[in-house]
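So the structure is just underneath, and the comments pick up after that.
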Amino acid sequence: MTLITPPVAPPEPGTATHTARDRTATPRHFLMCPPVHFDVVYAINPWMDVTVPVDAGHAVVQWQALKAAYESRGHTVDVISPEPGLPDMVYAANGGVVVGGKALAARFTFPERRPEGVAYEAWLRESGPVRGLVSLGQAAERNEGEGDLLWDGQVMLAGTGFRTTRAAHAEVAERLGVDVLTLELVDPRFYHLDTALAVLSTGGPDGGTRAEIAYFPEAFTPESRATLRERYPDAVEATEADAAVLGLNAVSDGRHVFLTDRATGMHAALRDRGFEPVGIDLSELLKGGGSVKCCTLELRPDPARATAPAAPVVKEARA
Ligand code: ARG
């Protein structure tokens with residue numbers, strides 16, 4: 001277990017967790033990119049096979065269904081313009097990470113995706129301020145955004161092993177001012193943290209409520225598995241069958257969990273815990289190695305600003 005300063009204490013045993021009865025959805029703000037230019041023309045993960053044809057039109061239809069599923073449950077979706085020549089730009093989660101109103105744009109591992117970091121940085125810089133976000137620019141270290149950085153409400157769970165580096169974890173801790181918990185991935189099929197772990201409910205800022213997660217233990221080193229077991233003793237442990245259809249690449253609003261319709265075991269496990277699984281068919285986007293979460297970047301506002309009373313109106317005194 002690697003803890004980046006300041007150290008993160010596991011929750012006290014007996015800390016309250018959610019029960020099946022109090023699942024409450026909270027409205028979220030997402031950024032998505034339509035897969036207009038989606039294709040598989042290079043292979044940077046084991047899911048990608050350049051010989052398998054891709055139907056971008058079909059990908060767009062499936063993507064629209066995901067967007068509609070969010071909107072019909074009260075979530076706000078912003079859309080970034082897709083750029084020609086960037087076939088993976090649909091995987092918006094990789095564009096950056098936004099917590100507490102601070103937005104850090106990605107710096108990609110592979111040259112094919114590097115211009116995406118610039119495009120997301122430009123969106124966050126230009127559109128962020130009207131949404132209450134402060135843009136911190138692009139990460140200096142190799143950082144694939146929410147692909148590897150998952151906020152549990154108290155701690156940033158940070159994946160490494162394939163893409164995002166440990167140096168990037170330290171940068172995230174410093175620039176976003178959050179505690180970071182490093183987790184090491186070992187299976188190339190699960191090359192981003194968000195393919196192996198999903199945050200189902202976030203913990204309260206005071207530590208009173210514990211976050212809940214689901215994960216596939218075999219995707220992690222024995223050390224990281226022990227870390228996860230200690231911090232999340234009640235986690236949903238996904239089966240290989242569910243993980244292998246990217247069933248952990250999920251988005252939760254605290255009640256609804258949006259995930260591939262193929263992960264039937266996950267659907268059952270979620271229902272058992274009082275969540276409402278929302279099955280989405282993203283078969284075209286699976287060809288690029290992504291599913292629901294990959295297509296979704298969450299824009300988390302500064303809670304202080306969100307709840308602050310409106311500034312008093314000061315009238316100009318006239319002479
Ligand atoms: N083809 C993309 C890549 O390999 C897929 C990214 C999926 N995104 C994610 N958040 N896991 O980089």
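In listed order, ligands and their atoms are each counted from 1. Side chains included, hydrogens not; waters and symmetry mates left out as well; all remaining heavy atoms used. Everything numeric here is computed off the predicted structure, so don't read it as measured data.
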Q. Between Y70 and T296, does any side-chain donor sit less than 3.5 Å from a side-chain acceptor?
A. yes
Q. Side-chain donor-acceptor pair under 3.5 Å between E184 and T160, yes or no?
A.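 Not at all, the side chains of E184 and T160 share no donor-acceptor pair under 3.5 Å.
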Considering only heavy atoms of [X], which atoms of ligand 1 have at least one such atom less than 4.0 Å away?
{"X": "I44", "value": "3 (C), 4 (O), 12 (O)"}
{"X": "C294", "value": "7 (C), 8 (N), 9 (C), 10 (N), 11 (N)"}
{"X": "G147", "value": "10 (N)"}
{"X": "G288", "value": "1 (N), 2 (C), 5 (C)"}
{"X": "M48", "value": "1 (N)"}
{"X": "D194", "value": "9 (C), 10 (N), 11 (N)"}

Heavy atom under 4.0 Å from ligand 1: found in [X]'s side chain, backbone, both, or neither?
{"X": "Y191", "result": "side chain"}
{"X": "E146", "result": "neither"}
{"X": "R113", "result": "side chain"}

Q.
Against E144, only a single residue in T164, T109, N94, T165 fulfils side chain to side chain donor-acceptor pair (under 3.5 Å); can you say which?
A. T109
Is there side-chain contact between [X] and [Y], with at least one heavy-atom pair below 4.5 Å?
{"X": "V98", "Y": "E298", "result": "no"}
{"X": "E146", "Y": "K293", "result": "yes"}
{"X": "V90", "Y": "P82", "result": "no"}

**Q.** Distance, nearest 0.5 Å, that separates CZ of F30 from SG of C295
**A.**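 Here the rounded value is 12.0 Å.
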Using distance alone, decide if ligand 1 has a nitrogen or oxygen within less than 3.5 Å of any nitrogen or oxygen in [X].
{"X": "N249", "result": "no"}
{"X": "N45", "result": "yes"}
{"X": "N94", "result": "yes"}

Q: Mark yes or no: R142 above the aromatic ring of F108, with NZ or CZ under 6.0 Å from the six-membered ring centre and no more than 45 degrees from the axis.
A: no
Q) So is R163 close enough to ligand 1, meaning a heavy atom under 4.0 angstrom away? A) yes
Q: Answer yes or no: does atom CD of E218 have more than 12 heavy-atom neighbours from other residues, nucleotides or ligands under 6.0 Å?
A: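 Yes, because the 6.0 Å sphere around CD of E218 holds more than 12 heavy atoms from other groups.
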